[in-house]
**Student:** 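This is the structure I have questions about; it appears just below.
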Amino acid sequence: MEIATWILVVILSITLFIFLIAGIVLAIKLIQATEEAKKVIATGQQIATKADDIVDNVKGMTSVGGIVKNFAVRAMENQSKRYAAEDAAEAAEMEAAAEQAKAEAKEAAVEAKKSAKRK
């Protein structure tokens, strides 16, 4: 009977060892699978966020309020560009007028000196 007991103990030990190795391999594979699942979930969330942004943009472009809003924004941008160009032109005219006034003042001063010398 002792030999039969030893044979059962060895068979059970080998079986338990095989299940232990299989359990460790399975645990490692599950950990790897969860890491891959986390990457897939993160990518899915990014795609969902982008899809929401696209839907909001399309909704803004197709709704009446969105169209009016876009038109108003563009009109304001065009108007501000036009006013900026007009302001730049006015500033250039003012500088030119100031330069001309300086030149005229110099000429007047030279004429005044000449006329003072003649007297």
Side-chain angles (χ1 to χ4, degrees):
M1 278 285 222
E2 287 242 358
I3 295 176
T5 307
W6 278 105
I7 292 174
L8 284 174
V9 169
V10 169
I11 291 173
L12 286 174
S13 296
I14 292 172
T15 306
L16 288 173
F17 180 72
I18 291 171
F19 279 121
L20 180 65
I21 297 297
I24 291 171
V25 170
L26 181 63
I28 291 171
K29 293 293 181 182
L30 286 174
I31 290 171
Q32 290 174 350
T34 56
E35 290 174 359
E36 289 296 319
K38 285 180 185 178
K39 290 179 186 176
V40 169
I41 289 170
T43 305
Q45 287 175 342
Q46 290 174 353
I47 291 171
T49 302
K50 288 179 183 178
D52 286 343
D53 292 341
I54 291 170
V55 167
D56 289 340
N57 289 340
V58 169
K59 179 180 156 188
M61 295 299 280
T62 56
S63 68
V64 174
I67 293 171
V68 171
K69 180 181 174 185
N70 288 336
F71 177 75
V73 167
R74 287 188 183 149
M76 295 294 286
E77 288 174 357
N78 290 339
Q79 188 176 18
S80 65
K81 287 178 186 177
R82 185 173 55 242
Y83 285 148
E86 289 175 2
D87 289 343
E90 282 182 23
E93 288 177 12
M94 296 284 273
E95 286 181 24
E99 291 294 324
Q100 187 178 4
K102 264 189 199 178
E104 288 176 1
K106 272 187 179 179
E107 287 179 18
V110 169
E111 289 295 323
K113 280 185 181 179
K114 283 184 184 177
S115 64
K117 282 185 182 178
R118 287 185 195 159
K119 289 185 183 180

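The first residue in the sequence is number 1, and the count goes up from there.
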**Student:** Is there side-chain contact between Leu20 and Leu16, with at least one heavy-atom pair below 4.5 Å?
**Tutor:**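 Heavy-atom side-chain distance check fails, nothing below 4.5 Å.
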**Student:** Got a second to check how far Leu26's CG is from Ile31's CD1, nearest 0.5 Å?
**Tutor:** 10.0 Å
**Student:** Output all residues satisfying side-chain contact (heavy atoms from CB on, under 4.5 Å) with Ile14, sequence neighbours left out; order by chain, then residue number.
**Tutor:**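 By the side-chain contact (heavy atoms from CB on, under 4.5 Å) rule, Ile14 matches Val10, Ile18.
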**Student:** With rounding to the nearest 0.5 Å, note down the distance linking CD1 in Ile54 to OG1 in Thr49.
**Tutor:** 11.0 Å
**Student:** Go through the steps for Lys39 and Glu36 under the test salt bridge (Lys or Arg N to Asp or Glu O under 4.0 Å), then give the verdict.
**Tutor:** CA-CA 5 Å; Lys39 290 179 186 176; Glu36 289 296 319; 3.8 Å; yes
**Student:** Hydrophobic clusters here meaning ILVMFWY residues chained together by side-chain heavy-atom distances under 4.5 Å, can you tell me if Phe17 and Val9 are in one?
**Tutor:**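 Looking at the clustering, Val9 is in a separate group from Phe17.
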**Student:** Ile28: what forms a side-chain contact (heavy atoms from CB on, under 4.5 Å) with it, not counting sequence neighbours?
**Tutor:**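 For Ile28, the residues satisfying side-chain contact (heavy atoms from CB on, under 4.5 Å) (neighbours in sequence not counted) are Ile24, Gln32.
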**Student:** Sort and list the pairs that fulfil side-chain hydrogen bond (donor to acceptor under 3.5 Å, both in side chains) and have at least one residue in residues 77-96, not counting sequence neighbours.
**Tutor:**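 Checked against side-chain hydrogen bond (donor to acceptor under 3.5 Å, both in side chains) - neighbours excluded - the pairs reaching residues 77-96 are Gln79-Tyr83.
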